[in-house]
Amino acid sequence: MSITSEKQLPESVTAWRDPEMDSVKGTETPKDPNKGYIALLGWSVNAIKAAQKFDRRYVVVAPEWAEDFCTANNIPFIAWDFIRLNDRSMEIAERLKAEGVDVAIPLFEETVEWSGAINSVLLDSPRMYGQSILFRDKALMKRRAQLGGIRVGIFEEAHEKEDVIRFMKRVNQTLLKLDGDPDDPIHVKAFDKAGCLGHRMIRTVEEIEHIPDEEYPLLMESHLDGWEFAVEAWIHDGKIQFLNISEYVTLGYSVFVPATQELESWRNAITKQIELLIKTFDIQFGLIHPEYFVTADGEMYFGEVAYRPPGFKAFELIEKAYGFNAYQASMLVFDPKSTKEEVAAFFPREVVDAKGYAGCFGVYPRRRVVSKLEMPKETIEHPYFESHELVAPTEETVPDRSAFGTHWGLLFFFGDDPIKMRDLLKAQEDLDFYV
């Protein structure tokens, strides 16, 4: 790829140049014209860096605000607004097809539907768009799971507060609660948002009043008492090529990979559930990120499944633990020109080939008023501590958390003992990072 001279670009563009990027240094891996040409939908600098070190041609499809960065760093780029759905929406699929692109890979939740629509054109498979809707609409997703014989909790859609009140009362009536017994909690979630966004646990009828009107319609679910965990599974030709189990320490706060021996003891049962999920959703290729619960009596319940990279830098944790690049793994299994032999040779063996345990913790300020970032000695002096992404606060008053909230940055750890890792991540919840 040719390197654009800084003298040819305006200063406002060259300010974005990253001298360490392969496309700027001229060290980008040569692209094999016999392998797939990939469109990356959305924005991830780590995905772009992975693509530059991989042997597939690629193009980034992202909003206009990314154009200067891509121009400054010699990154192939097509501007597209993923928010707008209109009569020009087919244009991006036709443009990518004319460009010779073989497949589109979603990098975040809001591009999953777009990838389904685009791939239905690129791969001449109209059903792919309908499949992508199942990955986006949590209510449809759960109904499809039920039809496939997958265990799910009780769920319904809510369009207004009265629907939530009725659902909560009905759930507790089903559980044979008596007058005076504390209500069993329920969960409400946005239909089509990633992770904990829009996720609330409702413990009393009074808390329903705190749900803003703009969050409706939403999905309501019964509460499952169990061990929640996540899976990252790369699929090629309808078969699992690599299955990672990510262990949550506290949902919304912390995760590490690989899992403890206790959770890994469920691997065979988990694998069977993922195989059932693949069959039920008719998944032939790609990366899926489902979440499950194991209850005290050993039953496994399906939570939800995403068709894009997980949050909390799980791809980066997997690379740290295993050594392979998870973004490249996704490009490999999405590429219709990848061979079975190439895919098989790419992945290590689960658990036994891990070099250690990689974890991260999302920091939420514990005080209402803060003035500075102050890293606790217990954190930075621990031998497992590696790095953090926290920045100094820009204002003193900490905004109220909506639902589960959004963390202010991540801490990263790496070590050789999963129990120490689990306890270390749990201990971070009692520390103040913003004081």
Counting C-beta onward and ignoring hydrogens, is there a side-chain heavy-atom pair between [X] and [Y] closer than 4.5 Å?
| X | Y | value |
| --- | --- | --- |
| Met21 | Val45 | yes |
| Arg366 | Glu429 | no |
| Phe285 | Asp237 | no |
| Leu147 | Thr280 | no |
| Lys142 | Leu219 | yes |
| Leu41 | Val60 | no |

Between [Y] and [X], is there a side-chain donor-acceptor contact under 3.5 Å, judged purely by atom types and distance?
| X | Y | result |
| --- | --- | --- |
| Arg56 | Ser338 | yes |
| Thr250 | Lys426 | yes |
| Glu221 | His187 | no |
| Glu291 | Tyr248 | yes |
| Glu99 | Tyr37 | yes |
| Gln52 | Thr29 | no |
| Ser23 | Asn73 | no |
| Ser246 | Asn244 | yes |

Checking [X] side chain against [Y] main chain: does a donor-acceptor pair fall under 3.5 Å?
| X | Y | answer |
| --- | --- | --- |
| Asp32 | Asn34 | yes |
| Asn325 | Ala50 | no |
| Arg203 | Pro185 | no |

Tyr327: which of Lys49, Glu316, Lys53 passes side-chain hydrogen bond (donor to acceptor under 3.5 Å, both in side chains):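 For Tyr327, the side-chain hydrogen bond (donor to acceptor under 3.5 Å, both in side chains) test succeeds with only one of Lys49, Glu316, Lys53, which is Glu316.
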With a sphere of 6.0 Å drawn around [atom1] of [X], does it hold more than 12 non-hydrogen atoms of other residues, nucleotides or ligands?
| X | atom1 | value |
| --- | --- | --- |
| Lys272 | NZ | no |
| Glu396 | CD | no |
| Lys279 | NZ | no |

Under-4.0 Å salt bridge between Glu157 and Arg143: yes
Test side-chain contact (heavy atoms from CB on, under 4.5 Å) applied to Val171 and Met168, step by step: CA-CA 5 Å; Val171 166; Met168 189 166 189; 5.9 Å; no
Ile274 side, atom CD1; Ile288 side, atom CD1 - distance, nearest 0.5 Å: 5.0 Å
Distance in Å, Gln328 CD paired with Asp55 CG, rounded so as to fall on 0.5 Å steps: 8.5 Å
Smallest separation among heavy atoms of Leu287 and Phe334, with atom names: N-CE1, 3.8 Å
Which residues share a side chain to side chain donor-acceptor pair (under 3.5 Å) with Tyr292, sequence neighbours left out: none
Residues in side chain to side chain contact (heavy atoms under 4.5 Å, CB included) contact with Leu390, at least two apart in sequence or another chain: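 Leu390 satisfies side chain to side chain contact (heavy atoms under 4.5 Å, CB included) with Val363, Leu373, Met375, His388, Leu411, Phe433, Tyr434 only.
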Listed partners of Ile78 passing side chain to side chain contact (heavy atoms under 4.5 Å, CB included), at least two apart: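 With neighbours one apart ignored, the set is Val59, Val61, Ile92, Arg95, Leu96.
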Cation over ring face, Arg151 and Tyr301, 6.0 Å, 45°: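 Yes.
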